[in-house]
Structure formats: C-alpha cells, structure tokens
Amino acid sequence: MPNASEFPRIETGAAEWVEVEVDGQPIQVRAGDSAAAAVLAAGLVPSRSTPVNNSPRAPYCMMGVCFECLLEIDGTENVQGCMTEVRPGMQIRRQQGARHAEPVTHEDRQS
Amino acid sequence: MNSDTYDLAIVGAGPAGMAAARTAAAQDLSVVLLDEQPAPGGQIYRSIRRPAPEDRRILGPDYYHGETLVRDLDHSRIEYRPGTTVWALDDDHTLCASSPEGSTRIHAQRILLATGAQERPVPFPGWTLPGVMTCGAAQILLKSSGLVPSQPLVLAGSGPLLLLIAAQLHRAGVAIEAVLDTTPAGHQLDALPHLPGALRNLPLLWKGLGLLRELKQAGIQRFAQVSDLRALANEEGRLHQVQFHADNATHRLPAQSLLVHQGVVPNVQLSRALGLEHRWHELQQCWHPVTNDWGETSREGVFISGDSAGIAGAKAAEQAGTLVALEVARQLNRLSTTQRDEQARPALKDLARERAIRPFLDALYQPARSFLSPADETLVCRCEEVSAGELRQMVDEGCRGPNQTKAFCRSGMGPCQGRLCGLTVSQVIAERRGVPVDEVGYYQIRMPIKPLTLGELADLHK
C-alpha cells in the first residue's frame, strides 16, 4: 500500500541494516529500530484496528504506555510493536481487531 | 524457582535509577537495575549509547549529558537487566518480572521505583486518528531511529517539550507547517508570582527563551492562545487536516502528522498498585505518591524518586536518585547519618535549584480546561472507546468515582490499564459532580501492571 505517510529517515550514524517484512513487503530498517518504527517507516498506517469498533489506529506514545501499536509479530498477535526490536527476517503484520484464540492462519488474514 | 537476592532493586534505568545505581554501588551495595527498554537512558536519554542522528547538534548537549550516567553503570556491583518488565511487587520486597529469557522473582532488601513520567493524555476530537502522535513519541523516533514525521507537519500543545521537539525537528531539516500554542491567555500573569524561584535557575530559563528565539528566527508559523483543536480525517480514516481557533478565526491546515503535548505526569502504575498514599497536585494537575525527603514512601523500604515521585525534570531526577541511594546505604549500615548528610549536600543543593523553577513552569504551562475535561464528543478511554459525554451521563445517573464508571462502561479496563484515560476520567467526574478531584479519587490499579500471558505467570514456578 504505497502512500505519502512514510516517516522519512535523516542521516544517521553507522549502523547495521536489517531486512524485515511489513505486511509482506520487504523493507530495510536500522538495527535497533522497534517494530513500530518499522511500520511508520513503511507507512503502514493505520497499523491496527480496535477490537471494540474496528477503529483505525497507529503508534501513539512509542514508550510502552498506550498499547496503540499492537501488531502481529512472527505470528504472535497483540505484541507491543514499540517494545519489540526488529530482527532480520521479522514478519510484521497489522493487528486487525481482537486477537484470535487459535494461532493466526492465512485465511484469518483474508477475512 | 527462579529467585535472586540483592541489597537494592531499582525499577527503571532513567536518570533517577542510573544515578541511584551508581551511588549505591559506590557504597558497595549489590544492585540490580531492571528496565523494560532494550538500552539504558530512560526516555530523556533514550538510545544514548547509540543515538541515531549523525549530527550531535540536532538533539543538543543536554541529551548527551546522559552518556556519563550510562558509562557509570559499568560497575561490578551493578547487575543491569534490560528488556525486563516488572509486573508485580509483593509485600516482602519481591519483584516479579518478565524478559525474553523467561519470568523471574527478584528479592531485595530495599526497592526503588524510578519509573519516570509519561505524557499527559491529551484528549480532543480526533486524537485517536492515525497521524496524531505525542511529541515524546516523535522525539523517541528521532533519538533511536532517526525517523521524522511525514509532512505536512503541525505541532500543537503547551510546555517546554513542544518547543524542544519543534527546534530539534527543525535542526534535522524537517519543514514545520505551524506550531499551535494552546497555552491559555492569562497564564503568563499566573506564572509571574513564581518568577523569583525560576530566576534561581537562570540557565534553564535562558534555554527556554533560546528555543523560542530559534523557532522565531527559523520563520516557523506560530499561533498563540489556540483553542478548539480538532484533527480531521480523510475517507481512509487518516489525519489530513488540523482545525483550530486562533486570532478570532477558525483555521484549517493540511497535515499528514500532528504532534501533541500537554506536559508530563508521574507514572504511578506501580505505586498505585502497591496502595501507597498519593496526593493531588493542584498546580501540576496530577497525582504523585507521598515520599519523605529521602524518597521513602508510606511503605517502609520502598522508595520512589525522579519524575515518578513528582515532575521536576531529568537533572532533579539524577539528584533525587542519588539521595535515595545514600539513605539506603545508611539504612543498611554502610554510612552513618553524619556521612549520609555530608555526601548528600551537593545533591540537595542542586535539587533545590531544579525544583525552584517548577512552580513557574507549572503555572505557565498548565493545560487548558478543554484538555483536562474535554467536550462530550471526545473519546476519553482510547482502548474501550468511551467518550466524555458517556462518562458525564453515568455521573448524572449516580456514578461517584472512576471505579464505578469502570464497572458500567469498561473505561480503564483495556490493555493500557487506565494510563491514557485515568487522569481525564477523574477530572471529568469531579467537574460534573462539582467536587475536588481528590474527593473523586483514581482507578484501583491492581497487579499485574502489564498484560501478562499465562505462560509468563507459569514460568515463575519452573
């Protein structure tokens, strides 16, 4: 979903870059970035919808307080994206509504 | 069962926690420093070991002061455990914490909660829209990732951090559409009686004036006495315009990003869960736990220092953390009372100067009423999507406090456990009932203070 909402990156100090996938799209991010930062860099906003009214949301506080950055990370739902550092090959997906009682399958994502 | 024992366990590796660890280790106390972040520094010195921006001028020298504190953690008596989230504290000074390695119990003779501050919730119509985030969030992204908000960018709010992040983003080459200052008319006058105290800390006052000058010289559009702030969405539900009232007119600006700020408030989640005594601070419009001069709370052996004990800033937090460590060293017979007092003198002097400027800043930057008790249509509880109007209706139907409204509408029962709505819910109820906030009280916070999986709980007993 290309859009104009990507957070641009200024010139940074030397660091390793790692590749992660955000909703299936590969993106290079800086080692030490959080999964929530990766989502903002990729412009994947809204990054979740609420369990109550399916309202669109995106990372808000970036310090573990607000729980607006809940994501599905490597198949685990409801993970705080701002508290999770990226790892090479990490699979990051939007959190749609409430988490599932059973592990997420591809069919769930289509629905 | 996983369990370790120390002289002093510290929760939070910000300025207060790091300074306390350094001082306690110097007195040969065994220290464990637990922090939920992957690297030390707290939010103020976030990513200080490896700041993302190449150019040190962007964040400025006050930020790089944190390098000294972090360096001093490298001490044989300090066990620093990053990525460790504390979710409970038992009566016998045992902490329960989770980390990627599993769950642990940590026992210590003395406990210091140095959990810092969080940004005050800033409810206004549209504050939940994707594209709206806090000034603190933008600063974290800048420090740790070198990421800056998508543009057009508007900043709105009140307080020193609003000016600081605007200046930092400008230095980073980010175009700022406008800064909307929501400080109400008359606050300058309210702050004036507190000016003598502020003059005791001239460097900080000078720094604030410097930021204002920097933004003015940069030619950034600034609106004063802004009211009726509103974030407007496009058809995809994303922020695309900011609407506000200023200079007797309603304005609309295009925006991909809106950064908001109304000051910071103590993170009281653990101190509340412990049932410690808290008081309402009228000037700061928030609660803080009650401590004595050495940071000890109403529960013997449990200390709180830094912004989690009451907002006074990073420099004050460093001094307050030092004082706690000296008192702990006295209680554990490493120092006599005379030695403690002798060593505490420089910290006490600096602390007094840092605290002297607060009443001036607190009066000047007290949030406008509309952010403390917002209009009916505004969502107050972001997790359970409860509006101010619904809360007022519950008051009219007989709810007297936040624990009753919680039972009726689940406000405060979502994953953030009331962190983003607690203050507002109490203030909305108090205003509707026409009673002081401390008569209404706060949510009953219970442990675990972070959402926990059954696996994490079970792991304690492996």
Side-chain angles (χ1 to χ4, degrees), chain A residues 1 3-16 29-34 36-70 76 78-80 82-87 94-95 98-99, chain B residues 36-39 43 46-47 50-55 58 83 85 116 118-119 121 127-134 136-142 144-151 172-174 233 236-239 256-257 267 269 379 382-386 410 414-417 419-420 450-451:
Chain A
M1 194 188 72
N3 58 40
S5 65
E6 293 96 346
F7 274 39
R9 204 182 294 264
I10 62 166
E11 204 171 318
T12 60
E16 283 173 42
V29 293
R30 212 168 165 268
D33 279 357
S34 65
V39 156
L40 292 168
L44 186 79
V45 166
S47 56
R48 75 161 184 129
S49 60
T50 63
V52 180
N53 289 326
N54 209 31
S55 314
R57 297 286 169 88
Y60 180 73
C61 80
M62 291 301 289
M63 55 180 280
V65 172
C66 74
F67 291 76
E68 291 290 11
C69 64
L70 294 179
T76 305
N78 272 3
V79 179
Q80 275 186 291
C82 76
M83 303 294 286
T84 309
E85 270 194 60
V86 291
R87 293 178 297 270
R94 291 171 202 251
Q95 172 72 42
R99 64 166 296 175
Chain B
E36 63 181 352
Q37 295 296 337
Q43 301 309 328
R46 182 100 178 211
S47 302
R50 219 185 49 130
E54 173 88 273
D55 185 347
I58 292 173
T85 301
Q118 66 163 73
E119 274 177 278
W127 72 308
T128 55
L129 291 181
V132 182
M133 61 165 49
T134 68
Q139 210 182 29
I140 287 163
L141 285 162
L142 180 62
S144 52
S145 298
L147 289 170
V148 296
S150 52
Q151 294 140 48
V174 178
E236 289 154 19
R238 268 191 50 89
L239 170 76
Q256 280 277 344
S257 302
N267 172 359
Q269 223 65 15
L379 273 192
R382 297 174 64 108
C383 298
E384 297 294 332
E385 301 186 58
V386 180
R410 290 190 49 88
C416 95
Q417 300 177 317
R419 288 169 171 89
L420 266 283
K450 283 282 167 94

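All chains are named by letter (A, B, ...) in the order of the sequence lines, taking the proteins before the strands, and each is independently numbered beginning at 1.
When all heavy atoms are compared, the tightest approach of B:Arg238 to A:Pro46 is CG-CD, 4.3 Å. Considering every non-hydrogen atom in both A:Phe67 and B:Pro415, the closest pair reads CE1-O, 3.5 Å. Pairing each heavy atom of A:Gly32 with each of B:Arg50, the nearest pair is CA-NH2, 3.4 Å. Closest of all the heavy-atom pairs between B:Ser150 and A:Glu6 is CB-O, 3.4 Å.
Side-chain atoms of B:Arg382 never come within 3.5 Å of backbone atoms of A:Glu68 as a donor-acceptor pair (strictly under, hydrogens ignored). When atom types are taken as modelled, the side chain of B:Gln118 and the backbone of A:Val65 share no donor-acceptor pair closer than 3.5 angstrom.
In this structure, CZ in A:Arg30 is found 9.5 Å from CG in B:Leu147, a value given to the nearest 0.5 Å. If you take CE on B:Met133 and CE on A:Met62, they are separated by 6.5 Å, rounding to the nearest 0.5 Å. B:Gln256 CD to A:Phe7 CZ: the interatomic distance, rounded to the nearest 0.5 Å, is 9.5 Å. Considering CG of B:Leu141 and CG of A:Asp33, their distance stands at 8.5 Å, rounded to 0.5 Å. Between A:Met63 atom CE and B:Thr134 atom OG1 the span is 8.0 Å, to the nearest 0.5 Å. Summarising the geometry, atom CD belonging to B:Glu36 is positioned 7.5 Å from atom CD belonging to A:Gln80; distances are rounded to the nearest 0.5 Å.
Considering only heavy-atom pairs separated by less than 4.5 Å from chain B, the leading option among A:Cys61, A:Pro59, A:Cys82 is A:Cys61. Options B:Leu129, B:Val174, B:Ile140 differ in how many heavy-atom pairs under 4.5 Å they form with chain A, and the most are formed by B:Ile140.
For B:Arg410, no part lies near chain A; criterion is any non-hydrogen pair under 4.5 Å. Residue A:Glu11 touches chain B through both its backbone and its side chain, counting heavy-atom pairs closer than 4.5 Å. The contact between B:Leu142 and chain A is made entirely by side chain atoms (from C-beta outward), counting heavy-atom distances below 4.5 Å. For B:Pro121, no part lies near chain A; criterion is any non-hydrogen pair under 4.5 Å.
Annotation: side-chain contact (heavy atoms from CB on, under 4.5 Å) contacts of A:Ala98 (sequence neighbours excluded): A:Pro51.
Inter-residue side-chain proximity for B:Thr128 and A:Thr50 is flagged as unmet; no heavy-atom pair is nearer than 4.5 Å.
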| task | Take B:Asp55 and A:Ile10, measure what side-chain contact (heavy atoms from CB on, under 4.5 Å) needs, and give me the verdict at the end. | result | CA-CA 10 Å; B:Asp55 185 347; A:Ile10 62 166; over 6 Å; no

